[in-house]
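Working notes, structure below.
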Amino acid sequence: MVTAAAAPRYAAARRIGGRSHQCDATAVASFGGTVAHVLQDGMGCSDEIAHWTQATARQLAETAARLGDADAALRQVHAAAAAEPGRDERWRTMPRAVAVVAVFRPGVPVQIAWCGDARAYRRGLDGVVRRITDDHNDRQDALERGLPGEDRSKVLSFLGDPRPSPRFGARTEPAEGLLLLISEGGYEPLEELGCELWVHLLGPLDEVADDMAAFAAAGDPNADNATVVVIDLSPDHQPPRPGAHRA
């Protein structure tokens, strides 16, 4: 459902797909005039992973809103997760999650920070949808080297990784248009079907989020969890011009 308690307006939707547990999580927090939105995609499928991912999503949202800095918050929460007891020896079997966080402060560009393959897109007032994030996985690394795409499931950056030199991404975007945070289970089915993303970003916020998550999780008995957060960055939201498309 659409939430209007904090600006900007947003809507979020999750679908469990064909999995036994919902291990995606979303969270929102505010501090003063700063609002932070978080989407996390837990790696694996269990009660422990689901609970850990939701707890760290809340922690990341609260930290980002308090600091007013998406990148600093992601690094702080990453460090805390990496320092959990047992991580050095058992990190591959302990809960882990990729994450994307967006921070909104009045009068300044939106901050986006991420690790792993959770993504952010922005539809500008011109109607063009642009991808903000780069995936941290073997496939993206291979493509950047001009090699055939490798397995997208091998993620190279995530919360809960105690190894040195963790990889993060951070960018700023104009505070206008529509911002989309989406898990791999949300965007991968759309890409595999060759769907134009802009088509799914038309309409009321709650319908956009719900329809996109439902579409991604339907039709495959092994579908991943699919989670979508759609955020209206502009108080006076303008619809895209006819014929707008993904860049």
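Hydrogens, waters and symmetry mates play no part in the numbers below; they use all other heavy atoms, side chains included. The model shown is predicted, which means the values in this text are computed figures rather than measured ones.
Residue Gly177 comes nearest to Ser234 through the heavy atom pair N-OG, 2.8 Å, listed as atom of the first residue, atom of the second, then distance. Closest non-hydrogen pair, Ser157 versus His136, comes out as CB-ND1, 3.5 Å. Between Ala118 and Thr133, the shortest heavy-atom distance links the atoms O-OG1, 4.0 Å. Smallest separation of non-hydrogen atoms from Pro166 and Arg163: CD-O, 4.1 Å. For Cys115 against Arg167, the heavy-atom pair with the smallest separation is CB-O, 3.8 Å. Contact between Thr172 and Pro109 at its shortest, heavy atoms only, is CB-CB, 4.0 Å.
Not a single donor-acceptor pair under 3.5 Å links the side chain of Gln54 to the backbone N or O of Ile49. Checking side-chain atoms of Arg58 against main-chain N and O of Ala27 turns up no donor-acceptor pair under 3.5 Å.
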For this session: Decide side-chain contact (heavy atoms from CB on, under 4.5 Å) for Arg119 and Val100; before the verdict, give the C-alpha distance in whole Å, the side-chain angles of both, and the deciding distance to 0.1 Å.
Result: CA-CA 7 Å; Arg119 290 183 183 177; Val100 58; over 6 Å; no
For this session: Kindly determine whether Val38 and Thr56 satisfy side-chain contact (heavy atoms from CB on, under 4.5 Å), including the steps that lead there.
Result: CA-CA 10 Å; Val38 169; Thr56 54; over 6 Å; no
Exercise. Between Leu178 and Val230, is a side-chain contact (heavy atoms from CB on, under 4.5 Å) present by the stated rule, with each step listed?
Worked result: CA-CA 7 Å; Leu178 207 65; Val230 187; 3.6 Å; yes
For this session: Could you give me the CA-CA distance, side-chain angles and deciding distance for Leu190 and Met212, then say whether side-chain contact (heavy atoms from CB on, under 4.5 Å) is met?
Result: CA-CA 9 Å; Leu190 301 178; Met212 187 177 289; 4.2 Å; yes
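Remark: Phe168 CZ is packed, more than 12 non-hydrogen atoms of other residues, nucleotides or ligands lying under 6.0 Å away. Other residues, nucleotides and ligands place more than 12 heavy atoms under 6.0 Å from the CZ atom of Arg66.
Asn225 has its side chain out of reach of Asp41: every pair of non-hydrogen atoms, C-beta onward, lies at least 4.5 Å apart. Side chains of Phe215 and Leu193 form a contact here, defined as non-hydrogen atoms less than 4.5 Å apart. Side-chain contact between Leu180 and Arg123 is absent, with no heavy-atom pair separated by less than 4.5 Å. Taking 4.5 Å as the limit, every side-chain heavy atom of Val77 sits out of range of all side-chain heavy atoms of Val101. Within the 4.5 Å cutoff, the side chain of Arg122 has heavy atoms near those of the Leu233 side chain. The shortest side-chain heavy-atom distance between Glu196 and Val129 does not fall under the 4.5 Å cut-off. For the pair Leu60 and Leu74, the minimum side-chain heavy-atom distance is below 4.5 Å. Looking at heavy atoms from C-beta onward, Val35 lies in side-chain contact with Val28 at the 4.5 angstrom threshold.
A salt bridge is absent between Arg96 and Asp161: the closest approach of a Lys/Arg side-chain nitrogen to an acidic carboxylate oxygen does not fall below 4.0 angstrom. Using a cut-off of 4.0 Å between Lys/Arg side-chain N and Asp/Glu carboxylate O, Arg75 and Asp69 are scored as not salt-bridged.
Of the residues listed (Asp206, Val208, Leu202), the one engaging Pro204 in a side-chain contact (heavy atoms from CB on, under 4.5 Å) is Asp206, and it is the only one.
With rounding to the nearest 0.5 angstrom, the CD atom of Gln22 is 9.5 Å from the OG1 atom of Thr53. Taken from CG in Asp71 to CD in Gln111, the straight-line distance is 8.5 Å, to the nearest 0.5 Å. Note that OG1 of Thr93 and CZ of Arg87 are 8.5 Å apart. Values are rounded to the nearest 0.5 Å. We find the OH-CG distance between Tyr10 and Leu181 to be 11.5 Å, quoted to the nearest 0.5 Å. Taken from CD in Glu84 to CE in Met94, the straight-line distance is 5.5 Å, to the nearest 0.5 Å. The distance from the CZ atom of Arg171 to the CD1 atom of Ile132 is 8.5 Å, given to the nearest 0.5 Å.
No single ILVMFWY cluster, assembled from side-chain heavy atoms under 4.5 Å apart, contains both Leu159 and Leu156. Hydrophobic cluster membership differs between Val108 and Leu179, with clusters built from Ile, Leu, Val, Met, Phe, Trp and Tyr side chains linked at under 4.5 angstrom. Val228 and Ile16 fall into different hydrophobic clusters, where Ile, Leu, Val, Met, Phe, Trp and Tyr side chains are chained together by heavy-atom contacts under 4.5 Å. Cluster membership check: Val110 shares its hydrophobic cluster with Trp114, using side-chain heavy-atom separations under 4.5 Å among Ile, Leu, Val, Met, Phe, Trp and Tyr. Val155 and Trp52 sit in two unconnected hydrophobic clusters of ILVMFWY residues. Membership requires side-chain heavy atoms under 4.5 Å apart, directly or through other members.
His200 and Asp211 share no donor-acceptor pair across their side chains, judged by distance under 3.5 Å alone.
Between Phe104 and His37, the angle of the ring planes goes over 60°, which puts this pair in the perpendicular group of the 30/60° scheme.
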